[in-house]
Amino acid sequence: MKGLIIGAGEAGAFRSQGNHVASFNEHPDIELVGILEVNPTKAAAVVEKYKTAVFTSIFDALLAKPDIIVFAINTNIRESYWEEVWKNKAVSTIICEKPLADSVSEAERIISKSAEFNKRLYVNYQRRTNTTYKAIKNEISAGTRGRIQNVTVHYTHGLKTNACHWINLALMIFGKPVWISSEVSPIPSPYPNDLNFSILLGYHQFHMQLIPLMSPQDSFFSGDMILTFEKERIIIPDPTMYNSQHAKRWRSNNGLLEETNLNFNINKSKNDFRPFLDQVIIEIKRNETSFMKSIDEIQTLKIIELAERSSLEHRRIDLD
C-alpha cells in the first residue's frame, strides 16, 4: 500500500512521542510516496530528516496514486483538498488528525461524502487502540472493580486541541453522557482561539470531570485519568509520557484508602501513532468494518459545541 502525508507539522512529521511519517516508514505494508507541504521551511526540514519526496500541490501528490492519505493539517486548510481526495480512485482510506471538523454539520457532511465515494475514514484518536484503556473499558463493563463513582481527567492545550481526545475516549469507555456543564477555565491555553474549559459530564451513576492544567512547558506533563470505584481508586497516567511505575492504586481498608500493588499495566509505545495505524491496516486487509464509529465522531464534536454553549449560558445542558 502507498501512503501520503499531507502536512509536515508536529503530528505529521516531528512529534517526538509519535508522528505519521515515522509510523508509515516503520510499517512493513506501507510505502511512503511523499509528503505534501507548501511551507518551504517545513518541506526542507522533512526532506533532511526523512529523505522523502515533497509535493507542493495536491494534484502532483495524487499522481503518486496513494492508497492511504493522512490529513495532518488544520481543519480549515483541509477544505481545499477534500473534493480531490474523494474523487481520486486510488485513495481507499483517509486518516484525519483530530478533530474531524470544526462543527457537527461539517463532520456529518465529511462522513456522508466519504461513504458516498467508498472511502474508509478514521480520526487519529490514538488512545482508542492503547491496550491500557481497552482493558479498563472491559473491566468497567464487567464490573470487575465494583461500581464506578467518579472519573477525573487532567488535560492541557485547549478544548479542541486536547480535551477532545479525552471526550472521545470517554465515549469509548463509558458511552454517551446524559448531560454536560462547562465553564471557561482561568488556566490559560497556549492557543487564543482554543480556550481551556472545566467540564462536567453527567452519567446516570457517576460524573466525569475534565480539568485543565498549565501546559507542560510551564508546569509538567499531565493527561492522567483518576477513577474512583466503590472500594478502590486508580490513577492511569497518560501512556504517551508515563510508564507503569507512575501508576497508582489504593484499596479500602477499614474505611480508609491505602496504597496497594498495581493489577494493571501502562502500555507505552515508542511511537504512539503506530498501534492506531496497525489497526487500520488490519481492517483494510480483512475488509472489516472500522473500529471507529461515525456516531462517536459526531458525538465528540457535539459535546465540544455543548461545552462552549453551556459556558456561554452558564447552565447544564442535556444531550439529545
Side-chain angles (χ1 to χ4, degrees), residues 1-6 11 18 20 23-24 26-31 65-72 75 78 81-83 85-101 103-142 164-177 239 267 269 271-304 319-320:
M1 283 177 264
K2 295 181 178 180
L4 170 72
I5 311 295
I6 301 179
H20 293 291
S23 294
F24 275 39
E26 292 169 5
H27 204 287
D29 295 320
I30 297 181
E31 173 196 353
K65 297 183 178 180
D67 302 281
I68 305 173
I69 283 183
V70 172
F71 278 124
T75 51
R78 292 176 207 166
Y81 297 134
W82 276 115
E83 289 296 333
V85 170
W86 281 325
K87 291 186 297 184
N88 190 277
K89 293 182 179 179
V91 177
S92 69
T93 304
I94 304 166
I95 301 174
C96 290
E97 266 306 312
K98 42 71 188 164
L100 175 59
S103 67
V104 170
S105 59
E106 178 62 9
E108 290 173 336
R109 186 183 79 87
I110 291 170
I111 291 169
S112 176
K113 291 282 284 187
S114 296
E116 177 186 337
F117 284 94
N118 199 29
K119 310 296 186 189
R120 286 179 171 273
L121 182 64
Y122 296 87
V123 183
N124 188 42
Y125 287 114
Q126 71 267 31
R127 290 173 180 82
R128 277 183 171 250
T129 56
N130 186 287
T131 57
T132 299
Y133 297 117
K134 291 166 76 173
I136 288 297
K137 170 183 167 60
N138 292 336
E139 288 183 356
I140 289 172
S141 297
C164 66
H165 271 289
W166 302 102
I167 291 170
N168 187 274
L169 189 64
L171 290 168
M172 183 192 92
I173 297 176
F174 311 113
K176 177 184 171 183
N267 179 18
S269 301
N271 181 344
D272 71 329
F273 282 17
R274 174 64 189 272
F276 187 95
L277 181 62
D278 288 344
Q279 185 63 39
V280 171
I281 299 301
I282 287 171
E283 291 180 353
I284 293 173
K285 285 183 171 183
R286 296 177 179 173
N287 196 28
E288 293 178 347
T289 304
S290 170
F291 71 97
M292 302 199 74
K293 299 176 182 177
S294 296
I295 187 62
D296 281 354
E297 306 314 310
I298 298 298
Q299 289 293 348
T300 300
L301 287 165
K302 181 70 172 178
I303 291 171
I304 289 172
L319 271 74
D320 298 332

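We number each residue from 1, following the sequence as shown.
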Rounded to the nearest 0.5 Å, what separates atom [atom1] in [X] from atom [atom2] in [Y]?
{"X": "Lys65", "Y": "Leu4", "atom1": "NZ", "atom2": "CG", "answer": "15.0 Å"}
{"X": "Ser112", "Y": "Phe117", "atom1": "OG", "atom2": "CZ", "answer": "10.0 Å"}
{"X": "Met292", "Y": "Met172", "atom1": "CE", "atom2": "CE", "answer": "10.0 Å"}
{"X": "Ile68", "Y": "Ile95", "atom1": "CD1", "atom2": "CD1", "answer": "6.0 Å"}
{"X": "His20", "Y": "Ile6", "atom1": "NE2", "atom2": "CD1", "answer": "11.5 Å"}
{"X": "Asn124", "Y": "Glu97", "atom1": "CG", "atom2": "CD", "answer": "4.5 Å"}

For this session: Before giving the answer on side chain to side chain contact (heavy atoms under 4.5 Å, CB included), spell out for Lys293 and Leu171 the whole-Å C-alpha distance, their side-chain angles and the decisive distance to 0.1 Å.
Result: CA-CA 10 Å; Lys293 299 176 182 177; Leu171 290 168; over 6 Å; no
For this session: Decide yes or no on side chain to side chain contact (heavy atoms under 4.5 Å, CB included) for Lys302 and Asp320, but give the supporting numbers first.
Result: CA-CA 10 Å; Lys302 181 70 172 178; Asp320 298 332; 4.0 Å; yes
Okay, side chain of [X], backbone of [Y]: is any donor-acceptor separation there less than 3.5 Å?
{"X": "Thr129", "Y": "Gln126", "result": "yes"}
{"X": "Glu297", "Y": "Ala107", "result": "no"}
{"X": "Arg128", "Y": "Asn168", "result": "yes"}
{"X": "Arg78", "Y": "Cys96", "result": "no"}

Nearest heavy atoms of [X] and [Y], plus distance in Å:
{"X": "Arg120", "Y": "Asn287", "result": "NH2-C, 3.5 Å"}
{"X": "Glu283", "Y": "Ser290", "result": "OE1-CA, 3.2 Å"}
{"X": "Trp86", "Y": "Ser114", "result": "NE1-OG, 3.0 Å"}
{"X": "Ser23", "Y": "Asn271", "result": "OG-ND2, 3.2 Å"}
{"X": "Ile69", "Y": "Val85", "result": "CD1-CG2, 3.9 Å"}
{"X": "Val91", "Y": "Ile94", "result": "CG1-CG1, 4.2 Å"}

Exercise. Between His165 and Tyr125, what is the ring plane arrangement, given parallel below 30°, perpendicular above 60°, and tilted in between?
Worked result: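 Perpendicular.
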For this session: If the plane angle is over 60° it's perpendicular, under 30° parallel, otherwise tilted; pick one for Phe276 and Tyr122.
Result: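 Ring orientation of Phe276 relative to Tyr122: perpendicular.
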For this session: Using the side chain to side chain contact (heavy atoms under 4.5 Å, CB included) rule, take Glu83 and Lys113 through it: C-alpha gap first, then chi angles, then the decisive distance, then the call.
Result: CA-CA 9 Å; Glu83 289 296 333; Lys113 291 282 284 187; 3.9 Å; yes
[X] vs [Y] side-chain heavy atoms within contact, under 4.5 Å:
{"X": "Phe291", "Y": "Gln279", "value": "yes"}
{"X": "Glu26", "Y": "Leu277", "value": "no"}
{"X": "Gln299", "Y": "Leu319", "value": "yes"}
{"X": "Asp67", "Y": "Thr93", "value": "no"}
{"X": "Leu169", "Y": "Trp166", "value": "yes"}
{"X": "Asp29", "Y": "Lys285", "value": "yes"}
{"X": "Cys164", "Y": "Ile304", "value": "yes"}
{"X": "Leu100", "Y": "Phe71", "value": "no"}

